[in-house]
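The structure appears below as structure tokens.
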Amino acid sequence: MRARLLAVLLSLPAFGPAGLAAEIYVASQDGGVVSRIDPTSPRVIATIPVGPGPAGLAAGPGGRIYVTHPDHKAISVIDGPAGRVIARLDHPGSPFGIAAAPDGSALYVGDWRRGEVVRRDPRTGEAAGPAVPVPDPAGLVLDPRGGRLYVADREHRRIVAIDTAGMRMIGTAPAGEGPFAVALSPDGNRLYVANVRSNDLTVIDARTLAPVATVPVGAMPYGVAVTVDGRTVVVSRQHAGSVALLSADRLAPDGEVPVGRYPEGVLALEDGRVAVANWFSGDLSVVDPRSRRELARLPLADGPRGLAVSLR
């Protein structure tokens, strides 16, 4: 039976440090494509066939986008500016969550079937260094400043912290039931974990791995992102068809915004907006957390779930 794919949630800015506009990439699992989107319009500027079941996305330097295919033992490599797949890397097992080193030196991939996280060469796909045992790796996020990778272990109520230099586990932090999506605050000090089955958000001190708070957010929280100013945590709620807004300072609810049906992936944009992939309604919502409004909704191919962003 084909595994039920879930979206990888990345909390990455949609503009670079020099103010260069970027592009959003959205994996449509059912459509077998990745949509390339101009966030300023917003509009779809390319639809890139990638093969069946795309799930996780990660953005690397030079406009590279990496896409996992859990049921097909592969990672597609997209040349973003060219709008085409340029390579397909073999990955035994079920590659799902993925992150790319900002200098282009490595990919970090969570494998559902093998129960591990592995570092791979982004050019050849070869494993580099030991695999780290994580029984049920879901969402993951890389802190490039500290050399740490944080992985949600979805069936074991925890977050696993990995030292990327030595590819070794350096600690764990408790989470709720079914931790799936994980986001890092812009200053790198806090982790926010969406717990699908306990319907709450775990807040963790990223340096010490000590729990800070548990905040109820409503049924089926699948995606999480933090606005670029660090003030608002945005959580997608599948059953409500909305995103919950939380104050990062008070760790308390601060409103909600209706979006499409079964929202999953959430992506924070540098101008303060947030992009949300709506799986069942097949579209992308652009939300302004400050005014608590949906600004636009963009039709996409069937089953949009995962998001990433890359500089042009």
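Here, residue 1 is the first one in the sequence, and each next residue gets the next number. Keep in mind that what you see is a predicted model, and the values were worked out from it rather than measured. These numbers come from the heavy atoms of this one structure, side chains and all, not from hydrogens, waters or symmetry mates.
Judged by distance alone, the side chain of Arg64 and the main-chain N or O of Ala59 form no donor-acceptor pair under 3.5 Å. Counting only distance, with no hydrogens or angles, the side chain of Arg43 and the backbone of Leu298 share no donor-acceptor pair below 3.5 Å. Remark: the backbone N or O of Leu184 is not paired with any side-chain donor or acceptor of Tyr150 at under 3.5 angstrom. A donor-acceptor pair is defined here as one N or O able to donate and one able to accept, closer than 3.5 Å; such a pair exists between the side chain of Ser94 and the backbone of Pro70. Under the 3.5 Å distance criterion, the side-chain polar atoms of Ser185 are matched with a main-chain donor or acceptor of Arg190. For the pair Asn195 (side chain) and Arg197 (backbone), a donor-acceptor distance under 3.5 Å is absent. Under the 3.5 Å distance criterion, the side-chain polar atoms of Thr164 are matched with a main-chain donor or acceptor of Gly147. Side-chain atoms of Arg119 never come within 3.5 Å of backbone atoms of Tyr108 as a donor-acceptor pair (strictly under, hydrogens ignored). A donor-acceptor pair is defined here as one N or O able to donate and one able to accept, closer than 3.5 Å; no such pair exists between the side chain of Ser76 and the backbone of Arg88. Trp112 contributes a side-chain N or O that, together with a main-chain N or O of Pro137, makes up a donor-acceptor pair within less than 3.5 Å.
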Kindly indicate, with the supporting measurements, whether the criterion side-chain contact (heavy atoms from CB on, under 4.5 Å) is fulfilled by Val26 and Leu300.
-> CA-CA 9 Å; Val26 185; Leu300 299 176; 3.9 Å; yes

Would His239 and Met220 satisfy side-chain contact (heavy atoms from CB on, under 4.5 Å), going step by step from the backbone distance to the final call?
-> CA-CA 6 Å; His239 284 186; Met220 300 287 283; 3.3 Å; yes

Walk me through it: do Asp249 and Ser247 pass the test side-chain hydrogen bond (donor to acceptor under 3.5 Å, both in side chains)?
-> CA-CA 5 Å; Asp249 290 337; Ser247 164; 5.1 Å; no

Give the C-alpha distance, both sets of side-chain angles, the deciding distance and a yes or no for side-chain contact (heavy atoms from CB on, under 4.5 Å) between Val34 and Val67.
-> CA-CA 9 Å; Val34 170; Val67 186; 4.0 Å; yes

Go through the steps for Glu126 and Arg120 under the test salt bridge (Lys or Arg N to Asp or Glu O under 4.0 Å), then give the verdict.
-> CA-CA 5 Å; Glu126 294 295 320; Arg120 292 195 173 277; 6.0 Å; no

Is there a salt bridge (Lys or Arg N to Asp or Glu O under 4.0 Å) between Asp79 and Arg84 once you walk through the steps?
-> CA-CA 6 Å; Asp79 181 329; Arg84 61 187 180 91; 5.2 Å; no

Salt bridge (Lys or Arg N to Asp or Glu O under 4.0 Å) between Asp143 and Arg145, intermediate numbers included = CA-CA 5 Å; Asp143 182 356; Arg145 293 160 293 191; 3.4 Å; yes

Walk me through it: do Thr227 and Arg290 pass the test side-chain contact (heavy atoms from CB on, under 4.5 Å)?
-> CA-CA 10 Å; Thr227 56; Arg290 292 162 295 195; over 6 Å; no

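In the hydrophobic clustering of this structure, Val77 groups with Val118; members are Ile, Leu, Val, Met, Phe, Trp, Tyr whose side-chain heavy atoms approach within less than 4.5 Å, directly or through other members. By the rule that hydrophobic residues join a cluster once side-chain heavy atoms approach within less than 4.5 Å of another member, Val33 and Leu284 end up as members of separate clusters. Tracing side-chain contacts under 4.5 Å through hydrophobic residues (I, L, V, M, F, W, Y), one reaches Leu142 starting from Met167; they form part of the same cluster. Hydrophobic clustering places Val215 together with Val233 (ILVMFWY residues linked when any side-chain heavy atoms are closer than 4.5 Å, directly or through intermediates). Note on Ile98 and Leu89: same hydrophobic cluster, where clusters join Ile, Leu, Val, Met, Phe, Trp and Tyr whose side-chain heavy atoms are under 4.5 Å apart, directly or indirectly.
With rounding to the nearest 0.5 angstrom, the CD1 atom of Ile204 is 9.5 Å from the OG1 atom of Thr172. Here Leu57 contributes atom CG and Tyr25 contributes atom OH; the two are 10.0 Å apart, rounded to the nearest 0.5 Å. Rounding to the nearest 0.5 angstrom, the gap separating the CD1 atom in Ile24 from the CD1 atom in Ile65 is 11.0 Å. Distance check: Arg293 CZ to Asp288 CG gives 6.5 Å after rounding to the nearest 0.5 Å. Between the OG1 atom in Thr40 and the CD atom in Glu23 there is a gap of 9.5 Å [rounded to 0.5 Å]. Separation of atoms CG (Asp71) and CZ (Phe96) is listed at 11.0 Å; rounding is to 0.5 Å.
Between Gly176 and Thr202, the closest heavy-atom pair is N-OG1, 3.4 Å. Gly241 and Pro263 make their closest contact through CA-CD, 3.8 Å (heavy atoms, listed as atom of the first residue, atom of the second, distance). Thr232 approaches Pro289 most closely through the heavy-atom pair CG2-CB, 4.4 Å. Closest non-hydrogen pair, Pro95 versus Ala74, comes out as CG-O, 3.6 Å. Counting all heavy atoms, side chain and backbone alike, Val217 lies closest to Ala244 at O-CB, 4.2 Å. The two residues Ile48 and Gly83 come nearest to each other via the heavy atoms CG1-O, 3.5 Å.
Aromatic ring orientation, Phe280 versus Tyr262: parallel (interplanar angle below 30°, classes split at 30° and 60°).
Residues Arg261 and Asn278 form no side-chain contact, since every pair of their non-hydrogen atoms from C-beta on lies 4.5 Å or further apart. A 4.5 Å side-chain heavy-atom check between Tyr222 and Arg237 finds every atom pair outside the cut-off. Two residues are said to be in side-chain contact when any heavy atoms from C-beta on lie closer than 4.5 Å; Ile78 and Val50 meet this criterion. His156 has its side chain within reach of Pro135: a pair of non-hydrogen atoms, C-beta onward, lies under 4.5 Å apart. Two residues are said to be in side-chain contact when any heavy atoms from C-beta on lie closer than 4.5 Å; Val259 and Val287 meet this criterion. Within the 4.5 Å cutoff, the side chain of Leu149 has heavy atoms near those of the Leu140 side chain. Side-chain contact check for Val235 versus Val266: every heavy-atom pair is 4.5 Å or farther apart. Between Pro221 and Asp200 there is no side-chain heavy-atom pair separated by less than 4.5 Å.
Salt-bridge check for Asp153 with Arg158: passed, with a basic side-chain N closer than 4.0 Å to an acidic carboxylate O. Salt-bridge check for Arg273 with Asp271: passed, with a basic side-chain N closer than 4.0 Å to an acidic carboxylate O.
Inspection of the Glu256 and Ser242 side chains reveals an N or O donor paired with an N or O acceptor under 3.5 Å. Side-chain contact annotation: Glu294 with Ser285, donor-acceptor N/O pair under 3.5 Å present. With 3.5 Å as the limit, one finds a donor-acceptor pair spanning the side chains of Asp283 and Ser281.
Residue-environment remark: CZ (Arg207) exceeds the threshold of 12 foreign heavy atoms within 6.0 Å.
Each of Val224, Val141, Asp205, Val203 was checked for a side chain to side chain contact (heavy atoms under 4.5 Å, CB included) with Leu191, and the lone residue meeting it is Val141.
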